[in-house]
Amino acid sequence: MPDRETMPTFPCIALRGVTVFPGTVMSFDIGREKSLKALEKAMEADKLIYVATQRNDDIQIPTFADMYEVGTLVRVKQVLKIQGDVTRVLVEGICRASVDEIVAEDIFLQGTIVELVQKIDKSQMTLEEKAEFRVVRDAFFEYVGNKHMIDQDAPRKVYNTKDPVLALDIMANELDVNTHIRQELLEEPSFIERMRKVLRIFVEENEISKIENSITEDVKESIDNNQKEYFLKEKLKVIQKELGMGNDGNEHIQWMERLEALNLDEKIKAKVETEINKFAKMGPSSPESSVIRNYVETILDLPWNTEKETNSDLVKAEKILNKEHYGLEKVKERILEYLAVIHLSKEIKGPIVCLVGPPGVGKTSIAKSIAHATGRDFVRMSLGGVRDEAEIRGHRRTYIGAIPGRVITSIKDAGSNNPVFLFDEVDKIGADFKGDPASALLEVLDPEQNNTFTDHFLEIPFDLSKTMFITTANSLDTIPRPLLDRMEVIEVSGYTEEEKVKIAQKYLLPKKLEEHGLTKGNMKVTEKALRDLTNYYTRESGVRNLERKIADLCRKVARKIVSTGDGEYTVRPKNLEEYLGKKAFRYDEAESKNQIGVATGMAWTSVGGDTLFIEVAVVPGSGKIELTGNLGDVMKESAKAAFSYIRAGAKNLNIEEDFYNKYDIHIHVPEGAVPKDGPSAGVTMCTAITSALTGIPVNGKVSMTGEITLRGKILPVGGIKEKVLAAHRAGIKKILLPKDNGRDIEDIPEVVRKDLTFILIEEAGQALKEALVYDEALIKQ
Ligand code: ADP
């Protein structure tokens with residue numbers, strides 16, 4: 001039992017929800033009249049008050065009977081008026097106490113107080129008590145470590161307090177328990193018992209803390225993971241957006257809406273829907289999702305039902321064709337016939353137009369005009385260098401990096417399902433290929449099949465039957481046969497000088513002026529200057545380089561205008577060099593001298609016609625034939641055929657009969673960098689060799705073409721028009737052609753024809769008679 005010491009009378013305050021332990025500092029608010037009075041009283045005296053907790057907080061005017069029996073004698077350390085009647089009191093607990101005798105209860109509570117002293121000397125504590133105390137203290141330290149909200153100064157105080165009873169009270173004060181338990185701990189008279197009670201709570205709290213911590217860790221970890229994932233996903237979204245593949249989460253919904261609007265066939269629609277659903281379930285990071293996106297977007301972008309209204313008015317179409325292209329009468333006529341058939345049959349069946357001719361003659365641009373004339377969109381796909389079938393028909397989607405073929409991509413770009421679709425350079429397809437691009441192309445072009453053209457990537461058929469396909473080629477030789485069979489060939493041949501000048505005046509010059517921001521007044525080019533431009537700065541069948549040269553002129557003039565401010569220039573033959581530098585070609589002087597062992601032939605290459613010189617040198621030797629100048633096999637063979645013909649007829653030709661034992665013959669075709677082949681130089685070689693062996697010069701104004709047989713027969717060859725135009729460009733006056741090519745002469749424009757003499761030959765002897773200049777040989781002798 002604690003000692004009882006009679007104390008003097010003290011003012012008393014009833015507390016609500018607060019218990020003050022001895023040795024601790026505590027603050028509470030008071031506002032009730034009686035409490036304020038009691039405080040006032042204490043402040044007047046020694047600042048000591050007895051405080052005890054109300055059993056029931058609801059009682060407004062408590063008496064001693066309403067308070068617990070054990071309370072605390074406290075010293076007021078600070079009084080703070082907060083607002084209105086509320087005063088905050090800071091007190092320090094001195095000791096446990098209880099009311100011995102009630103002195104007054106009317107104005108304020110007042111009573112005599114008994115101190116419940118319980119002093120324990122540490123040194124006299126039993127081992128059990130000491131051990132128990134330490135356990136409590138350790139539990140307390142652990143408790144403090146777990147709870148961050150409590151007074152972090154408390155452990156230090158506990159450590160420094162010598163009195164274990166006080167230390168226990170300081171520890172008990174830190175417990176986060178309700179008033180009821182606090183009161184119980186205050187009331188417990190036995191120190192040991194109190195230690196046990198406090199310990200039990202600490203241990204329990206520490207356990208709870210441990211569990212709490214582990215829960216917190218788990219939660220934190222999962223939050224961390226979630227956050228990490230969230231963060232990464234957000235980052236991914238930004239990256240995808242940057243790469244233009246933003247998936248804002250409802251992409252698939254928009255796709256569904258667009259799909260609905262396309263009005264596709266049910267089967268196709270269902271297939272696309274399946275893909276969209278697959279995409280929706282897939283994370284945006286999945287590698288397959290980009291393939292599906294590409295797939296779906298390609299399908300949604302295709303002009304399934306977008307059809308341009310076409311113009312079937314042939315008069316209007318003709319006007320447009322004429323407006324955009326000079327000449328090309330035959331071509332235009334054929335095109336208009338073709339359009340008329342389409343108009344009548346209401347479908348594009350029948351052969352595919354193939355425009356064949358050297359570069360720069362307007363094949364591409366006339367195809368564009370056909371699109372204008374018929375009111376269709378225009379797309380172009382070059383087949384040059386296409387080796388892989390997949391370029392036309394796409395890759396299967398199982399392929400990494402699979403994409404649709406270029407046909408489907410071009411149709412997508414056209415934006416309508418009935419464009420003019422130009423396949424450029426069909427003759428360059430399939431030279432060296434994987435798969436068979438030519439057969440894929442056949443499928444695209446074939447009207448019987450192309451209404452269900454199935455790209456490997458799309459795996460669903462697209463109707464190409466409304467598309468108007470046009471192809472171009474430089475030569476017919478290398479177009480795969482099955483393709484050629486399906487084509488209607490329209491030849492677009494090279495231009496004469498006259499035509500080129502007209503095209504330059506009417507089309508190229510105005511076009512280039514406009515492109516360079518110049519007006520007619522800024523730059524005039526005289527007709528003579530254009531003619532010189534054509535003859536001395538270009539040598540071609542078409543007008544592509546001419547167009548480039550005119551663009552050069554425009555740039556030069558534009559620069560002058562900007563730097564001098566002067567805005568009118570006229571380009572004349574005189575100042576042409578000033579603008580474009582030295583003339584690049586000589587003209588009208590086609591090796592025009594008559595020479596021994598040099599004959600002029602005509603070649604037809606894929607870039608158009610050209611003249612070709614064959615040089616022969618005869619040197620003492622043992623009958624070897626040497627051929628140089630990058631000649632192909634066929635050309636070599638025709639050289640040998642010519643040689644054999646000469647050997648067989650040496651006597652008639654006035655050549656030593658055993659010449660092949662005594663001489664070596666060297667045949668050279670200059671411009672060795674350009675590969676040459678074909679049989680058409682046979683007659684030219686024959687002439688050059690004969691000239692070299694007989695010493696009779698060849699007329700420099702004569703040019704010839706034709707295949708030669710061993711017996712000297714001259715066989716027909718192709719490309720006559722281009723060859724003759726080239727010879728004309730080079731200043732040739734007389735042309736020797738195989739007899740069977742006679743009908744080709746009418747294709748040659750009148751302006752050219754009138755400058756030339758055509759001799760049709762059947763036999764090599766005729767060629768020699770026409771080309772060799774016997775008179776000069778005689779003079780020399
Ligand atoms: P290709 O396709 O035959 O190689 P392009 O169509 O590219 O030739 O023609 C080259 C340039 O020459 C184009 O600018 C074209 O408009 C122009 N051109 C060719 N022929 C004519 C022509 N008869 N009338 C007007 N311009 C022409």
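Whatever order the structure lists ligands and atoms in, that order sets their numbers, starting from 1. On a predicted model such as this, the values are computed, not experimentally measured, just so you know.
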Problem set entry | Spacing of NE2 belonging to His325 relative to NZ belonging to Lys506, to within rounding of 0.5 Å | 14.0 Å
Exercise. Around Glu488, counting heavy atoms of other residues, nucleotides and ligands shown, do more than 12 lie under 6.0 Å from its CD?
Worked result: yes
For this session: Quick one: look at Leu328 and ligand 1, take heavy-atom pairs under 4.0 Å, and tell me if it's side chain, backbone, both or neither.
Result: side chain
Problem set entry | Student check: side-chain heavy atoms of Leu445 and Asn450 closer than 4.5 Å | no
Exercise. Should His325 be counted as touching ligand 1, given the test is an N or O pair under 3.5 Å?
Worked result: no
For this session: Could you tell me if any non-hydrogen atom of Glu499 lies under 4.0 Å from any atom of ligand 1?
Result: no
For this session: Do me a favour and list the nearest non-hydrogen protein atom to atom 2 (O) of ligand 1 with residue, atom name and distance?
Result: Thr364 OG1, 2.4 Å
Exercise. Is Pro359 in contact with ligand 1, taking contact as a heavy-atom separation below 4.0 Å?
Worked result: yes
Exercise. Is there a heavy atom of Gly542 sitting under 4.0 angstrom from any atom of ligand 1?
Worked result: no
For this session: Flag Gly362 as yes when one of its N or O atoms lies below 3.5 Å from any N or O atom of ligand 1, and as no otherwise.
Result: yes
Seminar exercise, completed: Taken in chain and number order and not counting sequence neighbours, the residues that satisfy salt bridge (charged side-chain N to carboxylate O under 4.0 Å, His left out) with Arg481 are Asp485
For this session: Kindly write out the residues that satisfy side chain to side chain donor-acceptor pair (under 3.5 Å) with Asp552, not counting sequence neighbours, or none if the list is empty.
Result: Arg555
Problem set entry | Backbone or side-chain N or O of Val543 under 3.5 Å from ligand 1 N or O | no
Exercise. Are any of the side-chain heavy atoms of Pro303 and Ile411 separated by less than 4.5 Å?
Worked result: yes
For this session: Provide, to 0.1 Å, the distance between atom 25 (C) of ligand 1 and the closest protein heavy atom, together with that atom's residue and name.
Result: Tyr507 CG, 3.5 Å
For this session: Could you check if a side-chain atom of Lys368 sits within less than 4.5 angstrom of a side-chain atom of Leu422, using non-hydrogen atoms only?
Result: no
Problem set entry | Within the 6.0 Å centroid threshold, strictly below: Phe421 and Phe469 | yes
For this session: Among all protein heavy atoms, pick the one closest to atom 20 (N) of ligand 1 and tell me residue, atom and distance.
Result: Tyr495 OH, 3.0 Å
Exercise. Got more than 12 heavy atoms from elsewhere within 6.0 Å of NZ, Lys734?
Worked result: yes
Problem set entry | Distance-only N or O hit between ligand 1 and Gly360, under 3.5 Å | yes
Exercise. Quick one: do the Thr496 and His728 side chains pair a donor with an acceptor below 3.5 Å?
Worked result: no
Exercise. Are the charged groups of Lys524 and Glu568 less than 4.0 angstrom apart, N to O?
Worked result: no
Exercise. In ligand 1, which numbered atoms sit nearer than 4.0 Å to a non-hydrogen atom of Val361?
Worked result: 3 (O), 8 (O), 19 (C), 20 (N)
Seminar exercise, completed: Among non-hydrogen protein atoms, atom 11 (C) of ligand 1 lies closest to Glu547 OE1, 3.0 Å
For this session: Give a yes/no on ligand 1: does Lys506 have at least one heavy atom closer than 4.0 angstrom to it?
Result: no
For this session: Using a 4.5 Å cut-off on heavy atoms from C-beta on, say whether the side chain of Thr705 contacts that of Leu737.
Result: yes
Exercise. Which residue owns the protein heavy atom closest to atom 14 (O) of ligand 1, what's the atom, and how far is it?
Worked result: Lys511 NZ, 2.7 Å
Seminar exercise, completed: atom 6 (O) of ligand 1: closest protein heavy atom, distance to 0.1 Å, is Ser365 N, 2.8 Å
Exercise. Atom 23 (N) of ligand 1: which protein heavy atom is closest, and how many Å away?
Worked result: Tyr326 O, 2.8 Å
Exercise. For ligand 1, which atoms have a heavy atom of Glu324 less than 4.0 angstrom away?
Worked result: 25 (C)
For this session: Indicate, as side chain, backbone, both or neither, the part of Arg544 found under 4.0 angstrom from ligand 1 when only non-hydrogen atoms are considered.
Result: side chain
Problem set entry | Heavy-atom gap Ile503 to ligand 1 smaller than 4.0 Å | yes
